[in-house]
Amino acid sequence: MRSALIEVLKCLRCGTDDLHFIIKKKDDLEVTQGSVTCRRCGLTYSIKDGILNCLVYSDSVVRAARRVYEKSKESLVKNDISPQKLAQREHLESNYRHDTVINFNELLLRLNAEQGWALDIGAGTCWTTAGLAGRGYRPVAIDISADNKLELGRQHFDKDIYFDRVLADVNHLPFRPEVFSLAFASAALHHSRNLDLSLSQIFRTMKSLGRLEIANEPVRGLAEAFQTNIGHLEGPDDVIEKHYGIRTWMKALERAGFAGRYLFPDNIRQRLATGGFIGRHKFYYLAGFTAKLYKFPWAKFILERILFYSGMHLFGLPLIYTGEKTPANQNLAGDNDGK
Ligand SMILES: [Zn+2]
């Protein structure tokens, strides 16, 4: 991390922003070893390999998930994949990686170039955080694990790309209120044990009218009740996987105080155009049939505009949401994180 991050941090225990930054070791990019200490309550957050550790309230769910990522790192070490390749997620299934990249690249096109602080929730190997930095933001990557995740962030750094990395739980965000111009999550929020709490924490740390962008979260369709394949699962059972229906997402986002819209996923659009569905995709045969119709402009219009929401309810396409923090609801969201 760099010292400027202090501008947006607060103590998780007492809530003060009166923090003391101690540098033990640094290189030409950032502080690699040191600590941040709260002047009021004395709690110390360590910095190791450039990553600030704010997991002071980690519960059993977070600890279980951290163990899964630790084990998964151990198994990957045997495969001898370079850190650069791991940082680009080349150890993941290529179609999944391709789909998520398509949807993220489309999101980058939607974003205006910005100078403000941005929060990348569940940033993993930080490939998205690097993309946000490339658009001019000052992003902060948070994740609950460094193993094969935040530690790989350094692979993305170059003379123009830098971001801070913080070990943190989205349900206990160590940030001051109203600091982020953008909050972003890609395939991360469905790992939260409490979507309402996560969204209220994100809301609190965002500036009024700040943007919330969500991509690649799995959405469960009603029709999936009748089939066993419920789509891609990222890890073993002890990482929480919650595949909500679109109604649950819509209600939760509205309750948290966000106003926005749901977009037709670009990865599905591209696969419809090329007929490139594979067995991994949900409703594989139906998707293949739909792709045959998709070449007709009228069918494309009906599918993307008229049938989009009913399709979401029934089949559950990946969630692509673009919204903003509505100022009207600001007073409703109190600072409720462990103070
Ligand atoms: Zn404190």
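Each ligand, and each atom within it, is numbered from 1 in the order the structure gives. In what follows, every heavy atom counts, from backbone to side chain, and hydrogens, waters and symmetry copies are set aside.
- Under the 3.5 Å distance criterion, with hydrogens and angles disregarded, a donor-acceptor pair is assigned to the side chains of Ser186 and Asn216.
- Residue Leu263 shares its hydrophobic cluster (ILVMFWY side chains chained together at separations under 4.5 Å) with Ile320.
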Report all side-chain donor-acceptor pairs from residues 75-87 shorter than 3.5 Å, counting only partners two or more places apart or in another chain.
{"from": "Ser75", "atom 1": "OG", "to": "Ser72", "atom 2": "O", "distance (Å)": "2.8"}
{"from": "Ser82", "atom 1": "OG", "to": "Lys85", "atom 2": "N", "distance (Å)": "3.2"}

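- Put simply, the side chain of Cys126 reaches to within 4.5 Å of the side chain of Leu150, judged on heavy atoms.
- Less than 2.8 Å away from the Zn ion (ligand 1), the protein contributes these N/O/S atoms: Cys11 SG, Cys14 SG, Cys38 SG, Cys41 SG.
- Residues Asp160 and Tyr162 have side chains that never bring a donor and an acceptor to within less than 3.5 angstrom of each other.
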Without placing hydrogens or testing angles, list every side-chain donor-acceptor pair under 3.5 Å for residues 31-38, not counting sequence neighbours.
{"from": "Thr32", "atom 1": "OG1", "to": "Lys25", "atom 2": "O", "distance (Å)": "3.2"}
{"from": "Thr37", "atom 1": "OG1", "to": "Thr44", "atom 2": "OG1", "distance (Å)": "3.1"}

